[in-house]
Enquirer: 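Handing you a structure now.
So you know, we letter chains A, B, ... as the sequences are listed, proteins then strands, and number each from 1. Small disclaimer: the values here were computed from a predicted structure and weren't measured.
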2 protein chains.
Amino acid sequence: MSLDRATMDERVPRDFETLRTTILERRESLPKRIAQIAAHALDNPDDIAFGTAASIAASAGVQPSTLIRFAQQLGFDGFTSLQQVFRERLRERNSSYDERLQALRAKAEGGAGHRAIFDGFVAAASTSLNDISRTLDEAHLEDAISLLAKAETIYVLAKRRSYPVASYIAYALGKLKIRNQLIESAAGLNAEMIGFATPADAVIAISFSPYAPATIEEARSISEQGVPIVAITDSSFSPLAQFAKVWFEVAEADFAGFRSLSATMALAMALTVGVGEKRRDTSRKRKA
Amino acid sequence: MSLDRATMDERVPRDFETLRTTILERRESLPKRIAQIAAHALDNPDDIAFGTAASIAASAGVQPSTLIRFAQQLGFDGFTSLQQVFRERLRERNSSYDERLQALRAKAEGGAGHRAIFDGFVAAASTSLNDISRTLDEAHLEDAISLLAKAETIYVLAKRRSYPVASYIAYALGKLKIRNQLIESAAGLNAEMIGFATPADAVIAISFSPYAPATIEEARSISEQGVPIVAITDSSFSPLAQFAKVWFEVAEADFAGFRSLSATMALAMALTVGVGEKRRDTSRKRKA
DNA sequence: TATGTATTGGAATTATTATTTCATATTCCC
DNA sequence: GGGAATATGAAATAATAATTCCAATACATA
């Protein structure tokens, strides 16, 4: 019996993802009790990693022997080797994203296919998110939101790599019915647009090294008009920082020459939604 | 003996951090072999979580009995209960992002300040990234990259919420010196622009529910011209899917009414850089 | 409905692993 | 330096857990 299986299906899933896929593929063709365990395993992977055959079987409502049959049906030689996969998963997940990123960079360098590139971008994004949620200064966030919430019009200023973030901010502000103006270069009328801004307005400016000269120039001129600036940039030496009332330092990990935007995006959205909330609160108080 | 200890030090560390602190406090006063294990335990917590008394003892260079004495010295009644703490730690750390996201949503609803909003967006982004790296179909990725790599010009089509992604793709393609055309609505000349596309070109189209009618319309007309389309969208029922040669289903988590873009971004970058690589490879082969 | 096949439950068996014990070594204090 | 207290190593033992086996049941097929 086990010989037959070995002949028919040589490859035993070594990693959790493969295992998961395999289980889902066979889902339909599995006997009732085995399917019951399969479902339980995918729903409670941690339990499989740490439990004993008896305890797992009990909490899945089957006999321990069924659990072993399940493992064998998947090509493992027993419950123990199946469990290894679930344990490995916890180890992996836990190994720091930085390490993973290193490994992925090397792999992609070595020309390991496009999946590796994709994984690299995912890892870069995750690293950036981890980083920012560790380093974000809550007081700065509050300050920035207060400042922006008071503005009549919020101007959004960003070029090149940062432009996607700016366009998302503009989209979100629009949906929240907050007056805003995205400063694009298409029509070449930036200088005039900026001219309309007054100290009652505010600016969100985003720029990373190498800083787009136009962004810096526009930030300077707008700050000279007395318009307060909230800046998102990548170091305290950034030329943007000197013009800003409040600024955030965001370190994005890069992969294959392109930096992630995920941390900047998360911050941008928090600012936007934060402003929306603050305005709601304020107008409610005014009515009362 | 054990009675004395129980009297002196009633509280047994239940969580990893307390345990860690306790160990570090006593570090000096521990016997040599016990200290050896203590160090090993703090350095390789995963090994303690998963190993057997014998295997851990071996890799720390001591006898199993010493490991048990170590556990008892800390107030546990044996190695097994010490191990529980190390296992609990892995469970905690791993408690799914989904759960965290739920908690954060509740917190933000309850008006728990702006930090909660920020954390929510970070969690939404992380969830989306986890999700996509589980579900991405590698074959689709390869197909899409092949298709795009052959194109003379890559057209990038997206509106509203998806537009930031499109603009980043356009930026990245530009840096990689890959001819591309972003279809914006600003000048109102989309129809004409689309008219230039031929079957030798290709399109990346991005749209999520509620689908921008303009995007769908443009996708239809461009596919009728025989231009192959790679679509990024959110379900198999998406109107985009029917026009596309290859399409990706990306499920983004949302927070406070705005969906994350991080998964879409990662996929977009993988496509872009993938195309860049593929072209380099192809031209190298041609020379040879 | 009868018959063969696949699935399941539960106890018996085997294996692995934690713990205890005891002899020996080391350390500390008088 | 002698003796008690403490620490360590190694093997024996106890506990726990995985696996196997077989009878009973469900299921499909003719």
Enquirer: Tell me which residues in residues 27-43 of chain B put a heavy atom below 4.0 Å from DNA chain C, sorted by number, or none.
Expert: none

Enquirer: Taking ring pair (Phe, Tyr, Trp, His ring centres under 6.0 Å) as the definition, give me every residue that meets it alongside F50(A), ordered by chain and number, with sequence neighbours left out.
Expert: F50(B)

Enquirer: Just jot down the side-chain contact (heavy atoms from CB on, under 4.5 Å) partners of P64(B), sequence neighbours excluded, or say none.
Expert: A57(B)

Enquirer: Would you list the pairs meeting ring-ring contact (aromatic ring centres under 6.0 Å, His included) in which at least one residue belongs to residues 65-92 of chain B, sequence neighbours left out?
Expert: F16(B)-F86(B)

Enquirer: Please identify each residue that fulfils side-chain contact (heavy atoms from CB on, under 4.5 Å) with R280(B), with sequence neighbours left out.
Expert: E277(B), R284(B)

Enquirer: When the distance from CD1 of I56(A) to P of dT19(D) is rounded to whole Å, what number comes out?
Expert: 11 Å

Enquirer: R259(B): what forms a side-chain contact (heavy atoms from CB on, under 4.5 Å) with it, not counting sequence neighbours?
Expert: R161(B), F208(B), D234(B), E252(B), D254(B)

Enquirer: Residues two or more places apart in sequence or in another chain: which of them pass side-chain hydrogen bond (donor to acceptor under 3.5 Å, both in side chains) with R87(B)?
Expert: none

Enquirer: Going 5' to 3' on DNA chain C, which nucleotide is the first and which the last to come under 4.0 Å of a heavy atom in chain A?
Expert: dT7(C) to dG10(C)

Enquirer: Just jot down the side-chain hydrogen bond (donor to acceptor under 3.5 Å, both in side chains) partners of S162(B), sequence neighbours excluded, or say none.
Expert: none

Enquirer: Quick one: side-chain hydrogen bond (donor to acceptor under 3.5 Å, both in side chains) partners of T52(A), sequence neighbours excluded?
Expert: S55(A)

Enquirer: Would you jot down, in residue-number order, the residues of residues 59-67 of chain A having a non-hydrogen atom under 4.0 Å from DNA chain C?
Expert: Q63(A), S65(A), T66(A)

Enquirer: Sequence neighbours excluded, which residues qualify as side-chain hydrogen bond (donor to acceptor under 3.5 Å, both in side chains) partners of S209(B)?
Expert: none

